[in-house]
Amino acid sequence: DKYEVDHSEFKLGKKLGEGNFGQVYEGLWNGTTKVAVKTLKQGTMEEESFLKEAKLMKKLRHPKLVQLYAVCTRSQPFYIVTELMCNGSLLNYIRKNDLNISTLMDIAAQIASGMAYLETNNYIHRDLAARNILVGKNNYVKVADFGLARAIKEEIYESTSKPFPIKWSAPEVALQQKFSIKSDVWSFGILLTEIIGRGRVPYPASNHPPKGLLHTTNASSNTNILSDFTNREVIDQIEHGYRMPQLPDCPDSLYAIMLNCWDADPKKRDSFETLLWKLEDAY
Ligand code: AMP
């Protein structure tokens with residue numbers, strides 16, 4: 001078990017971020033290699049399924065995937081040790097930096113390239129979203145946290161403050177938990193809206209709610225305000241054929257790609273291989 005190593009090999013440095021299931025630190029491995037160390041809160045993972053997943057993840061190697069180096073699971077807290085990405089999550093990065101459209105399209109193509117590799121290896125990400133893409137130097141991005149969602153205990157996912165990511169989920173996942181590479185393609189379409197919207201949360205209040213969707217009443221001021229779609233509303237509206245509208249600076253070619261990602265029939269959605277060449281062609 002080469003990937004199973006001892007906690008003592010790592011010296012933890014500054015905290016890089018906080019996830020749903022624990023903290024992420026910059027770390028030094030054996031006094032030489034800079035790494036990212038994700039610490040997991042006790043009880044968030046089924047130990048056996050986590051180790052099985054980690055074994056698979058370790059085998060996946062691609063320039064557009066964040067490399068898993070090692071895990072520490074002999075005692076609590078569990079560590080997941082990966083390559084360090086100096087600019088953190090794509091979600092924060094695109095919110096803070098004013099990137100031009102060709103850079104954004106390039107980022108989208110890089111993600112499609114990492115996902116095409118997972119597709120070839122019959123591996124499903126299950127939680128593809130801007131928060132799970134990490135940024136290195138020169139707008140170089142990599143897909144992170146692939147497969148981890150599978151190892152997380154379901155009741156933990158439901159009980160965390162952040163709800164199950166319904167807004168990124170294909171309808172067959174939201175309704176029947178049917179994950180596939182094509183449900184990843186749906187999530188990729190949502191991720192494209194995050195990229196073009198510079199980190200905008202999907203299905204915002206500013207998308208005029210379709211007919212029949214209620215305005216909520218702000219009790220204190222007694223004025224009608226538009227609220228974000230709730231998870232239930234997203235599922236209902238998607239089932240009735242609603243899709244997020246095109247953002248003003250979203251090229252037509254990119255919006256066509258999004259709509260294909262959101263085809264109700266998973267089989268009709270493009271493969272990541274196709275998405276990659278379409279994105280490379282689009283700019
Ligand atoms: P997560 O638990 O994966 O959601 O991570 C929480 C935060 O930690 C992310 O939003 C990033 O800012 C940071 N982070 C996670 N993994 C890494 C990494 N490999 N390199 C740099 N920062 C990371």
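Both counts, for ligands and for their atoms, begin at 1 and track the order of listing.
- Among the atoms of M85, some N or O lies under 3.5 angstrom from an N or O of ligand 1.
- A cation-pi arrangement is not found for K11 relative to Y25, the charged atom failing to lie both closer than 6.0 Å to the ring centre and inside a 45° cone about the ring normal.
- Contact between D252 and Q246 at its shortest, heavy atoms only, is OD1-NE2, 2.9 Å.
- Backbone and side-chain nitrogen or oxygen atoms of N92 are examined, and none is located within less than 3.5 angstrom of a nitrogen or oxygen of ligand 1.
- Centroid-to-centroid, the aromatic rings of Y242 and F229 come within less than 6.0 Å.
- Looking at N132, V24, V66, it is V24 that brings a heavy atom closest to atom 8 (O) of ligand 1.
- Checked against a 3.5 angstrom limit, the closest N/O atoms of R131 and ligand 1 fall outside it.
- Polar contact check, E18 against ligand 1: no nitrogen or oxygen pair lies under 3.5 Å apart.
- Less than 4.0 angstrom separates some heavy atom of A36 from each of these atoms of ligand 1: 18 (C), 19 (N), 20 (N).
- Both the backbone and the side chain of S89 come within contact range of ligand 1, each with a heavy atom under 4.0 Å.
- Residue contacts with ligand 1: Q23 is excluded, as none of its non-hydrogen atoms falls under 4.0 Å.
- Nearest protein heavy-atom neighbour of atom 16 (N) of ligand 1: L134 CD1, 3.6 Å.
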